Number of protein chains: 2
Amino acid sequence: MTRNESGPSDRDIMQLPPLIQAFVLHFGEMGSRWGINRTVGQIYALLYVSPEPLNADQIVEALGVSRSNVSMGLRELQAWNLVKVRHIPDDRRDHFATPGDVWEILRVLAEERKKREVDPTLSVLRELLMQAPASEAERHAQARMAEMHGLIEQLTNWYEDVKKLETERLAQLLALGSRVARLVEATDKVVSLGRRKRKE
Amino acid sequence: MTRNESGPSDRDIMQLPPLIQAFVLHFGEMGSRWGINRTVGQIYALLYVSPEPLNADQIVEALGVSRSNVSMGLRELQAWNLVKVRHIPDDRRDHFATPGDVWEILRVLAEERKKREVDPTLSVLRELLMQAPASEAERHAQARMAEMHGLIEQLTNWYEDVKKLETERLAQLLALGSRVARLVEATDKVVSLGRRKRKE
DNA sequence: CTGGACTTTCAGAAATTTCTGAAATCCGTG
DNA sequence: CACGGATTTCAGAAATTTCTGAAAGTCCAG
């Protein structure tokens with residue numbers, strides 16, 4: 001039974017508590033800077049602060065957007081692995097929730113953004129670097145591309161590496177911040193000392 | 001998505017070497033995923049691989065877009081600190097170039113994206129966390145916001161920390177990858193051992 | 001000043017993205 | 001297998017963003 005009360009007036013966000021409304025609206029506006037649209041941002045924010053999974057109609061009512069828009073938004077969020085379907089006993093409708101652990105969310109975000117924003121460029125660069133330059137201009141361009149490729153590869157290698165760490169260790173590393181540099185410095189000395197015996 | 005498919009229109013990119021053209025076109029298409037528009041992406045790519053600074057008209061000719069569009073694109077890239085003006089002796093026109101060092105570019109990008117994508121959210125979260133929750137729903141929402149805020153703050157603190165490192169050290173750190181975790185682990189032991197006697 | 005080389009601004013056109021309602025599809029039940 | 005609730009699809013409407021040409025602005029040499 002759908003208790004679909006027609007909205008009292010306009011299409012605005014309805015009776016959400018002000019705190020939640022502010023949060024949802026902010027994510028909606030931020031959405032564009034993050035490459036997602038307003039509705040998707042709002043849906044995500046709403047699910048993120050919701051104590052239990054919501055179904056599509058609840059989202060429609062809370063945000064005041066069309067059912068089909070919510071459907072598409074949820075679809076996109078699922079493609080991003082940012083929401084998952086939960087089933088509630090004795091309820092045929094799909095319910096949706098965000099992962100509870102913020103670290104998990106961070107991992108998913110990093111992974112997906114890398115997949116969409118970095119990997120394609122990396123692969124184009126690789127391809128272009130394979131070709132033989134046909135002029136001085138192309139040679140120079142390729143050298144620049146090689147620089148870019150090298151940097152991105154270093155970054156992604158590092159990322160692939162640290163993403164394997166358990167959250168516990170990751171947090172420790174974060175907490176260390178640049179103090180870790182001192183460690184590296186120390187290691188560096190040891191290494192370069194060792195190297196000096198053979199070379200230089 | 002793409003407008004200029006294979007039309008031999010005179011508005012297309014002109015006599016760029018194929019390698020450079022491919023690079024420029026890729027950055028144009030990637031632009032949308034990066035929150036910049038096609039022209040801005042293309043301008044950046046073009047300047048990035050150019051051996052010397054270009055003036056606006058050269059960009060117009062290379063990309064086949066309007067002069068005003070180039071002007072706006074350059075303006076945006078300058079706002080991002082991704083291109084700088086260079087002056088060529090005996091030439092009144094402004095010339096533009098990207099920073100040569102890819103690490104410098106990385107720093108600029110990180111800084112600007114943080115400024116645009118993270119800082120506003122952090123400040124909204126802080127503000128919302130100050131308010132007294134008026135209901136159980138708000139209380140729960142605030143708890144979730146606090147989790148998010150905590151994580152973002154940890155990340156930005158880490159970032160503020162490591163961005164101070166010289167490129168040299170930064171590269172070392174990257175190269176270490178997750179092996180740094182072992183160092184941390186070891187240090188952890190040493191430190192906790194040492195703490196019983198003395199420090200550092 | 002004035003003329004000309006260079007650049008920016010801006011209103012509207014063009015392109016793209018987002019959103020919607022209606023229709024179609026799916027799927028378990030009676 | 002027909003019914004009905006739940007969901008998705010999709011064509012077009014609405015909103016937003018990007019792009020352009022024309023006009024205005026800037027700056028300097030003469």
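Proteins get letters first, then strands, A, B, ... in listed order; numbering begins at 1 in each. Note that the structure is predicted; figures quoted are calculated from it, not measured.
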Side chains of residues 23-32 of chain A: which donor-acceptor partners sit under 3.5 Å, not counting sequence neighbours?
{"residue": "A:His26", "atom": "NE2", "partner": "B:Thr121", "partner atom": "OG1", "Å": "2.9"}
{"residue": "A:Ser32", "atom": "OG", "partner": "A:Glu29", "partner atom": "O", "Å": "3.2"}

Legend entry - Helix axis bend for the helix from C:dC1-D:dG30 to C:dG30-D:dC1 - C1'-based end axes, five pairs, 10° rounding: 10°

Measure [atom1]/[X] against [atom2]/[N] and give the value in whole Å, please.
X: A:Glu29; N: C:dT18; atom1: CD; atom2: C1'; value: 16 Å
X: A:Arg38; N: D:dA15; atom1: CZ; atom2: P; value: 10 Å
X: B:Ile36; N: D:dC19; atom1: CD1; atom2: P; value: 11 Å
X: B:Gln58; N: C:dT7; atom1: CD; atom2: C1'; value: 15 Å
X: A:Asp57; N: D:dT7; atom1: CG; atom2: C1'; value: 10 Å

Inset, instruction - Please list, chain by chain and in numerical order, all residues satisfying side-chain contact (heavy atoms from CB on, under 4.5 Å) with A:Asn69, sequence neighbours excluded. - result: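 Here the qualifying residues are A:Thr39, A:Val65, A:Ser66.
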
Inset, instruction - Please list, chain by chain and in numerical order, all residues satisfying side-chain contact (heavy atoms from CB on, under 4.5 Å) with B:Leu122, sequence neighbours excluded. - result: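 Result, side-chain contact (heavy atoms from CB on, under 4.5 Å) vs B:Leu122: B:Arg126, B:His149, B:Ile152, B:Thr156.
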
Inset, instruction - Answer with yes or no whether the side chains of A:Arg139 and A:Gln142 bring together a donor and an acceptor at under 3.5 Å. - result: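 Note: A:Gln142 and A:Arg139 side chains miss the donor-acceptor criterion.
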
Inset, instruction - Check the side chains of B:Arg144 and A:Ser50 for a donor-acceptor pair under 3.5 angstrom, ignoring hydrogens and angles. - result: no

Legend entry - Sugar-phosphate only, base, or nothing, as touched by B:Asp94 at under 4.0 Å among non-hydrogen atoms: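 Sugar-phosphate contact only - B:Asp94 comes under 4.0 Å of backbone atoms but never of a base.
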
Inset, instruction - Using a heavy-atom cut-off of under 4.0 Å over every strand shown, decide if B:Ser32 touches base, sugar-phosphate, or nothing. - result: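 The answer is nothing, as B:Ser32 stays clear of every strand by at least 4.0 Å.
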
Inset, instruction - For the pair A:Arg113 and B:Glu117, find out whether any cationic side-chain nitrogen is under 4.0 Å from an anionic carboxylate oxygen. - result: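 Yes, this pair counts.
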
Legend entry - Test: A:Glu111 and A:Lys114 ion pair at under 4.0 Å: no

Inset, instruction - Rounded to the nearest 0.5 Å, what's the gap from CG on B:Leu174 to CZ on B:Arg169? Could you check? - result: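 One finds 13.5 Å between CG of B:Leu174 and CZ of B:Arg169.
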
Legend entry - side chain to side chain donor-acceptor pair (under 3.5 Å): pairs with one or both residues in residues 72-81 of chain A, sequence neighbours excluded: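 As it turns out, the side chain to side chain donor-acceptor pair (under 3.5 Å) pairs with a partner in residues 72-81 of chain A, which skip direct neighbours, are A:Asn81-A:Glu112.
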
Legend entry - Closest nucleotide among D:dT20, C:dT20, C:dT18 to the A:Asn37 side chain: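 The listed nucleotide nearest to A:Asn37's side chain is C:dT18.
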
Legend entry - OP1 or OP2 of C:dT7 under 4.0 Å from side-chain N/O of B:Arg67: yes

Inset, instruction - Output the residues of residues 68-92 of chain A in contact with DNA chain D, where contact means a heavy atom of the residue under 4.0 Å from an atom of the strand; sort by number or write none. - result: A:Ser68, A:Ser71, A:Met72, A:Arg75, A:Arg92

